[in-house]
K.L.:
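What follows is a single structure, and I will ask about it in a moment.
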Amino acid sequence: MTDPRALWRPLAVAAAALAALSGCSQFQPHQRPDTPLPTQWRGANDAVAGDASVQPLPWQAFVTHEPLRTLVQRALDHNRDARAAAAQLEQLRAQFRVREAARLPTAAAGATGERRTTGENQPIDSLYSAGLQIANWEIDFFGRLESLSEAARAQYLASEEALRFTRISLVAGVTSAWLDLQASDALLTLTERTLANRQDALRLTRLRFEHGAASALELRQAESLVASAQATLAQQRRQRALARNALVLLVGQLPVDAAVAPSPVVPDAEAVLAEVPVALPSQVLLERPDVRAAEQRLAAANAQIGAARAAFFP
């Protein structure tokens, strides 16, 4: 009679071997190093306390002017750089899903049928068969597939942070371009008024010169001031056109004239942008999307090292 322990012994050895191989994984998760940061800026007396101050501020809470909000939203929807970053994000998401699927077995199913007879006036025999089999499956003992999957995941997360950084930069760029355009409009209006005043002064000086109350030098000085104002007006018109074109490029859609029409009253800074808190803790630096994207790229490189080490093993 066969000893039952003799049957269990090979199974125990196989299980122990699998456990030992599973412990040989070359994948090492990325660990963020400790970053000792001060709780406030040096010399700041009124530090903002609490975790709420570290949370990112939505752009809708920062931009309070309604026409500017409309431009920013249009830029986020139609800007070419933002759309390219979003497309790259979808591409890396698909690559991550492909890497995740590679860790699963590849199954194949098939069915065949055959009908035949041995001769005339003989019955027809039918034969059907179906099967399901695993066509390909790599058992990830050394963590190669896990490392590649983690690298794809980190690259996807880095692309997500890059898209966030692009959107934040776009909000800042549109806001800066809009303020620049408002300043150009104000300077253009001031230059037009200056030119009108100098033209009126030139007409008075010419009348005085014709009646002998002014010298030729005074007339030439008035003409020089008018010519200078005309040159300044041409420069301001060019600057205004450049500012408008820069804003159109950021928004990525025409027209923008209705949203950037000069206002009769120049809005105050407090009516356009919300007040930014000061003396924030240094942990806000860790919430920057470019810093988070760099950290994810570092994690992806670390996972690629694990995959390269696992490739040395069978």
Side-chain angles (χ1 to χ4, degrees), residues 29-30 32 52-104 145-181 242-260 272-274 276 280 283-304 307:
H30 171 70
R32 175 185 290 184
S53 60
V54 185
Q55 300 300 323
L57 181 68
W59 71 267
Q60 294 88 347
F62 178 68
V63 180
T64 58
H65 195 58
E66 191 60 34
L68 181 55
R69 278 189 175 185
T70 302
L71 279 179
V72 170
Q73 188 60 55
R74 289 172 62 182
L76 293 175
D77 294 337
H78 302 285
N79 182 264
R80 272 79 171 175
D81 294 336
R83 294 169 66 180
Q88 186 180 13
L89 175 64
E90 294 299 325
Q91 177 186 2
L92 292 177
R93 178 185 297 172
Q95 292 178 358
F96 169 59
R97 291 176 178 174
V98 170
R99 287 298 183 185
E100 279 289 296
R103 302 176 62 182
L104 301 177
L145 297 180
E146 183 181 7
S147 298
L148 293 177
S149 177
E150 180 61 24
R153 174 180 174 274
Q155 290 173 354
Y156 160 65
L157 294 178
S159 178
E160 189 175 34
E161 294 296 337
L163 175 60
R164 182 177 164 221
F165 177 74
T166 301
R167 293 173 66 88
I168 292 176
S169 301
L170 186 59
V171 172
V174 171
T175 302
S176 178
W178 185 83
L179 292 175
D180 189 17
L181 183 58
L242 292 176
R244 180 187 177 277
N245 292 337
L247 186 59
V248 170
L249 180 62
L250 288 173
V251 173
Q253 188 186 38
L254 287 173
V256 297
D257 294 329
V260 301
V272 177
L273 304 175
V276 179
L280 291 175
Q283 280 76 9
V284 296
L285 298 176
L286 300 180
E287 296 298 326
R288 287 175 54 114
D290 53 344
V291 175
R292 295 170 65 92
E295 183 180 11
Q296 292 298 333
R297 287 192 291 268
L298 178 61
N302 180 70
Q304 291 286 357

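The figures that follow rest on heavy atoms only: side chains count, while hydrogens, waters and symmetry mates do not. Numbers here are sequence positions counted from 1. No experiment lies behind these values; they were computed from the predicted model shown.
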K.L.:
Could you give the distance from CD (Gln88) to OH (Tyr156), rounded to the nearest 0.5 Å?
P.N.:
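Rounded to the nearest 0.5 Å, the CD-OH separation comes to 12.5 Å.
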K.L.:
Would you name the heavy atoms of Leu148 and Gln304 that are closest together and state the gap between them?
P.N.:
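Minimum heavy-atom contact is CD2-OE1, 4.0 Å.
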K.L.:
Using side-chain heavy atoms (C-beta onward) and a distance below 4.5 Å, is Thr64 in contact with Leu273?
P.N.:
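No, side chains not in contact.
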K.L.:
Write down the atom of Ala152, the atom of Phe96, and the distance for their closest heavy-atom approach.
P.N.:
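Scanning both residues completely, I find the closest heavy atoms to be CB-CA, 3.8 Å.
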K.L.:
So, does Arg167 use its side chain to make a donor-acceptor pair with the main chain of Ala82 at under 3.5 Å?
P.N.:
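No, the answer is negative, given that no donor and acceptor are paired below the 3.5 Å cut-off.
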K.L.:
Taking atom CZ of Arg83 as the centre, does the number of heavy atoms from other residues, nucleotides or ligands within less than 6.0 Å exceed 12?
P.N.:
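No, not enclosed.
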K.L.:
Starting at CG of Leu71, measure out to CG of Leu250 and round the result to the nearest 0.5 Å.
P.N.:
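The CG atom of Leu250 is 10.0 Å from CG of Leu71, to the nearest 0.5 Å.
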K.L.:
Between CD of Glu295 and CZ of Arg288, what distance do you get to the nearest 0.5 Å?
P.N.:
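Between atom CD of Glu295 and atom CZ of Arg288 there are 14.0 Å.
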K.L.:
Working note: Thr175 + Trp59, criterion side-chain contact (heavy atoms from CB on, under 4.5 Å); need CA distance, chi angles, decisive distance, verdict.
P.N.:
CA-CA 11 Å; Thr175 302; Trp59 71 267; over 6 Å; no
K.L.:
So, for Val251 and His78, which heavy atoms are closest and what is the spacing to 0.1 Å?
P.N.:
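Looking at all heavy atoms of both residues, the shortest contact is O-CB, 3.6 Å.
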K.L.:
Distance-only, no hydrogens or angles: does the Arg80 side chain make a donor-acceptor pair with backbone N or O of Gly252 under 3.5 Å?
P.N.:
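Indeed, once roles are kept as given, a pair shorter than 3.5 Å links the two residues.
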K.L.:
For the residue pair Leu247 and Ala177, what are the closest heavy atoms and their distance?
P.N.:
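What the structure gives for the nearest pair is CD1-CB, 3.8 Å.
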K.L.:
Among all residues two or more places apart in sequence or in another chain, which pass the side-chain contact (heavy atoms from CB on, under 4.5 Å) test with Ile168?
P.N.:
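By the side-chain contact (heavy atoms from CB on, under 4.5 Å) rule, Ile168 matches Arg164, Pro289.
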K.L.:
State which residues pass side-chain contact (heavy atoms from CB on, under 4.5 Å) with Leu157; sequence neighbours excluded, sorted by chain then number.
P.N.:
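side-chain contact (heavy atoms from CB on, under 4.5 Å) list for Leu157, sorted by chain: Arg153, Glu160, Gln296.
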K.L.:
One thing to verify: whether Glu100 and Arg97 come together as a salt bridge, which I'm taking to mean a side-chain N less than 4.0 angstrom from a carboxylate O.
P.N.:
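Salt bridge flag = no for Glu100 with Arg97.
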K.L.:
So, Thr166 side chain and Ala162 main chain: donor-acceptor pair closer than 3.5 Å or not?
P.N.:
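Flag set: sc Thr166 to bb Ala162 pair under 3.5 Å.
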K.L.:
Can you list the steps and then say if Asn79 with Arg74 is a side-chain contact (heavy atoms from CB on, under 4.5 Å)?
P.N.:
CA-CA 8 Å; Asn79 182 264; Arg74 289 172 62 182; over 6 Å; no
K.L.:
Please name the pair of heavy atoms, one in Ala151 and one in Ala303, separated by the smallest distance, quoted to 0.1 Å.
P.N.:
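That would be N-CB, 3.6 Å.
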K.L.:
Enter the distance from Glu150:CD to Arg99:CZ here, rounded to the nearest 0.5 Å.
P.N.:
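Output value for this atom pair is 13.0 Å.
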K.L.:
Can you say whether the rings of His65 and Trp178 are parallel (under 30°), tilted (30 to 60°) or perpendicular (over 60°)?
P.N.:
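Correct class here is tilted.
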K.L.:
Who are the side-chain contact (heavy atoms from CB on, under 4.5 Å) partners of Ala246, not counting sequence neighbours?
P.N.:
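Applying side-chain contact (heavy atoms from CB on, under 4.5 Å) to Ala246 gives none.
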K.L.:
Looking only at heavy atoms, which two atoms of Ala86 and Leu163 are closest? And how far apart?
P.N.:
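Looking at all heavy atoms of both residues, the closest pair is N-CD1, 3.8 Å.
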